[in-house]
2 protein chains.
Amino acid sequence: MVFGSLADTTRRDILRRVAGRELSVGEIAASYDISLAAVSKHLIVLERARLVTKRREGKLQVVEFAPAPLNDAAKHIQRYRDIWESSLDKLEAYLKSQP
Amino acid sequence: MVFGSLADTTRRDILRRVAGRELSVGEIAASYDISLAAVSKHLIVLERARLVTKRREGKLQVVEFAPAPLNDAAKHIQRYRDIWESSLDKLEAYLKSQP
DNA sequence: TATATACTGAACCAAATGGTTCAGTATATG
DNA sequence: CATATACTGAACCATTTGGTTCAGTATATA
């Protein structure tokens, strides 16, 4: 799930890096103090949320950013704001209708 | 943290409801099969993320939606897309420069 | 003042999360 | 073929999370 994936600081940071350019799992892991296995698990989470894809390139696993789920997340957020806005509109209409 | 708060289905649902109109803790809890205490805890999470505020009104605690942190979250998301777009632009420029 | 209503805090529990290490697999290289 | 590199899976551990129940507090009402 997208919001769940974005809930972790390390994962958000990884996502920012791979949005800039494709990186191998090892290259990504080099930026963090945690084990390679831990980074690999973070990448699996991001992969399940379809925020990244992986492909083998020789002995490397190359991680590529996939923006689509972010659009869904943004729509989700926009929806809350739309509901909020429309409730404000209703309130305004009501106040205007008052004597 | 905003993404952490949005990571839970029940909390997203609560947020959708209170975005439409102010509700008491009890009114919110009536919509779910979990205990009032569990709903109260979800609301505390949303409150810590500043996605809602609470105020006492008689014996009710009234929950109000607060949209500001959603703007931050949306900016966060937009940033990933911006990085992604600029990396695509760079790639395009490179390809154009190729013989 | 006593009682009912509307929560919240505390103690507890099971499952999920984020980390570890170590063993195993896939690929490249000497 | 043997070895090094680049991961991934499995087992494990501590902490967090989402739930429970029960006791306690704040407010309204009979």
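- Using the six-membered ring where Trp is involved, B:Phe65 and A:Tyr80 have ring planes that are tilted, between 30° and 60° apart.
- One interatomic measurement links the two molecules: CD of B:Gln61 to C1' of D:dT25, which rounds to 12 Å at whole-angstrom precision.
- Separating the CG atom of A:Leu6 from the C1' atom of C:dT17 is a distance of 16 Å, rounded to the nearest angstrom.
- Of the listed nucleotides (D:dT8, C:dG19, D:dA28), D:dA28 has the atom at the smallest distance from the side chain of B:Lys59.
- Rounded to whole Å, atom C1' of C:dC7 lies 15 Å from atom CD1 of B:Ile34.
- One hydrophobic cluster, built from ILVMFWY side chains closer than 4.5 Å, holds both B:Phe3 and A:Leu46.
- Closest-nucleotide positions on DNA chain C for A:Ala37 and A:Glu57 were compared, and the one nearer the 5' end corresponds to A:Ala37.
- Here D:dA26 presents its C1' atom at 17 Å from CZ of B:Arg55, a figure rounded to the nearest Å.
- Here the P atom of nucleotide C:dA6 and the CD1 atom of B:Ile28 are 14 Å apart, to the nearest Å.
- A salt bridge does not link B:Asp82 to B:Arg79: none of the charged nitrogens lies less than 4.0 Å from a carboxylate oxygen.
- Closest to the A:Val25 side chain, of the nucleotides D:dG19, D:dT8, C:dC7, is D:dT8.
- Protein atom CG of A:Leu36 is 13 Å distant from nucleotide atom C1' of C:dC22, rounded to whole Å.
- Rounded to whole Å, atom P of D:dA6 lies 14 Å from atom CG of A:Leu23.
- Taking 4.0 angstrom as the limit, A:Ser24 places a side-chain polar atom (N or O) nearer than this to OP1 or OP2 of D:dC7.
- Of the candidate nucleotides D:dT27, C:dA11, C:dT21, C:dA11 has the atom lying nearest to any side-chain atom of B:Lys41.
- Interatomic distance, A:Leu60 CG to A:Lys54 NZ, rounded to the nearest 0.5 Å: 13.0 Å.
- B:Ser40 has no side-chain polar atom (N or O) that falls below the 4.0 Å cut-off from OP1 or OP2 of C:dC7.
- Note on B:Leu91 and A:Val63: separate hydrophobic clusters, where clusters join Ile, Leu, Val, Met, Phe, Trp and Tyr whose side-chain heavy atoms are under 4.5 Å apart, directly or indirectly.
- Between B:Ser35 and the phosphate of D:dT20, there is a side-chain N or O to OP1/OP2 separation shorter than 4.0 Å.
- For the pair A:Glu27 CD and D:dC7 C1', the computed distance is 13 Å after rounding to whole Å.
- Nucleotide D:dA23 forms a pair with C:dT8, judged by Watson-Crick or G-U wobble geometry with both contacts under 3.5 Å.
- Positionally, the nearest nucleotide of DNA chain D for A:Arg56 lies more toward the 5' end than for the other of B:Gly4 and A:Arg56.
- For A:His42 and C:dG19, the shortest distance from a side-chain N or O to OP1 or OP2 is below 4.0 Å.
- When each of D:dA6, D:dT8, C:dT20 is scored by its nearest atom to the side-chain atoms of A:Leu60, the top-ranked nucleotide is D:dA6.
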